[in-house]
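Written below as structure tokens is the structure these notes are about.
A quick note: this is a predicted structure, and the numbers were derived from the prediction, not measured. The first residue of the sequence shown is numbered 1, and numbering continues consecutively from there.
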Amino acid sequence: MRKRCTPLLDGCRVQFNLVRLFSTFLFAVATLGFVTPEAKAASGCTSASHYGVGDGYHGRTTANGETYNAYGNSVAHRSLPFGTRLKVTNQSNGRSVIVRVNDRGPYVGGRDLDLSYGAFSSIASPSQGHVRVCYTTV
């Protein structure tokens with residue numbers, strides 16, 4: 001029978017400490033939102049939509065574990081790290097808003113950003129459904 005590793009067994013102390021160190025690192029990355037070089041260079045122009053009011057997402061858990069607030073300033077993006085801050089500017093009227101990536105999506109072709117209802121309302125009328133925007137990291 002194989003000996004189980006616990007923090008009390010001397011032969012497993014190194015293995016246990018490495019696992020604990022790695023877990024601490026992952027926790028720090030997840031909570032502090034370290035920005036990768038790809039995220040620092042993220043920018044582009046795309047079509048953006050909104051979600052959260054009338055579709056059942058308000059109050060549910062986002063991909064990063066937060067409770068979704070449809071009236072806050074957040075955004076869903078397929079690949080940018082959680083915590084990345086973006087300045088999103090409506091191309092038709094020049095209005096902009098600062099948002100933070102806290103969810104994954106959108107899953108509709110031709111769109112890279114899914115803004116919260118509150119953020120979308122800052123740059124356009126929600127009745128438009130989607131608008132053409134440019135974004136860059138802040």
Side-chain angles (χ1 to χ4, degrees):
M1 195 159 111
R2 192 170 172 211
K3 191 166 70 168
R4 288 182 53 190
C5 286
T6 66
L8 302 175
L9 297 174
D10 288 336
C12 297
R13 189 173 308 275
V14 171
Q15 179 184 357
F16 179 76
N17 286 336
L18 288 174
V19 168
R20 190 171 64 185
L21 178 67
F22 184 69
S23 298
T24 303
F25 173 76
L26 288 179
F27 178 77
V29 169
T31 57
L32 297 177
F34 289 129
V35 179
T36 63
E38 295 83 22
K40 286 181 184 177
S43 64
C45 295
T46 185
S47 180
S49 54
H50 68 85
Y51 74 115
V53 172
D55 57 13
Y57 285 104
H58 181 69
R60 291 177 61 186
T61 304
T62 62
N64 75 346
E66 296 176 1
T67 300
Y68 179 66
N69 178 8
Y71 302 99
N73 288 338
S74 61
V75 65
H77 189 277
R78 285 186 207 97
S79 61
L80 287 176
F82 294 130
T84 302
R85 294 168 52 88
L86 301 174
K87 180 179 181 180
V88 180
T89 304
N90 183 337
Q91 288 182 314
S92 65
N93 62 18
R95 287 194 234 164
S96 63
V97 64
I98 304 290
V99 293
R100 185 177 54 87
V101 176
N102 73 340
D103 208 356
R104 292 294 175 226
Y107 300 105
V108 175
R111 296 183 195 162
D112 289 337
L113 303 176
D114 214 354
L115 296 165
S116 64
Y117 181 86
F120 192 92
S121 298
S122 299
I123 62 170
S125 171
S127 63
Q128 289 181 263
H130 60 89
V131 293
R132 193 82 185 139
V133 299
C134 290
Y135 65 95
T136 185
T137 53
V138 179

| task | May I have the step-by-step check of side chain to side chain contact (heavy atoms under 4.5 Å, CB included) for Arg85 and Ile98, ending in yes or no? | result | CA-CA 7 Å; Arg85 294 168 52 88; Ile98 304 290; 3.5 Å; yes

| Arg100 side chain to Asn73 main-chain N or O, any donor-acceptor pair under 3.5 Å? | no

| query | Shared ILVMFWY cluster between Val99 and Phe82, side chains joined below 4.5 angstrom? | reply | yes

| request: Measure the spacing between CG of Asp114 and NE2 of His77 and express it to the nearest 0.5 Å. | output: 11.0 Å

| Atom pair CG/CG of Asp112 and Leu86 - distance to nearest 0.5 Å | 10.5 Å

| said: Are Tyr68 and Val75 linked, directly or through intermediate hydrophobic residues, by side-chain heavy-atom contacts shorter than 4.5 Å (ILVMFWY only)? | reply: no

| task | Report yes if the side chains of Ser92 and Arg132 come closer than 4.5 Å at any heavy-atom pair, otherwise no. | result | no

| query | Any sub-3.5 Å donor-acceptor pair from Ser116's side-chain atoms to Ser74's backbone N or O? | reply | yes

| What pairs of residues pass the side chain to side chain donor-acceptor pair (under 3.5 Å) test when at least one of them lies in residues 52-63, not counting sequence neighbours? | Thr62-Asn64

| message | For Pro106, is there any backbone N or O sitting under 3.5 Å from a side-chain donor or acceptor partner on Arg78? | response | yes

| Heavy-atom pair of closest approach, residues Leu115 and Ala48 | CD1-CB, 4.2 Å

| message | Would you compute the distance between atom CD of Glu66 and atom CG of Asp103 and round it to the nearest 0.5 angstrom? | response | 9.0 Å

Check: residues 120-129 side-chain donor-acceptor pairs under 3.5 Å, at least two apart:
residue : atom : partner : partner atom : Å
Ser121  : OG   : Tyr117  : O            : 2.8
Ser122  : OG   : Gly118  : O            : 3.2
Ser125  : OG   : Ser127  : N            : 3.4
Ser125  : OG   : Ser127  : OG           : 2.9
Gln128  : OE1  : Ser125  : N            : 3.3

| field | Pairing residues for Thr89 by the side-chain contact (heavy atoms from CB on, under 4.5 Å) criterion, not counting sequence neighbours | value | Lys87, Ser96

| message | Please evaluate residues Gln91 and Val133 with respect to the criterion side chain to side chain contact (heavy atoms under 4.5 Å, CB included), reporting the C-alpha separation (whole Å), side-chain torsions for both, the decisive distance (0.1 Å), and the verdict. | response | CA-CA 5 Å; Gln91 288 182 314; Val133 299; 5.7 Å; no

| task | Tell me whether Tyr51 is reachable from Leu113 by hopping between hydrophobic residues (I, L, V, M, F, W, Y) whose side-chain heavy atoms are closer than 4.5 Å. | result | no

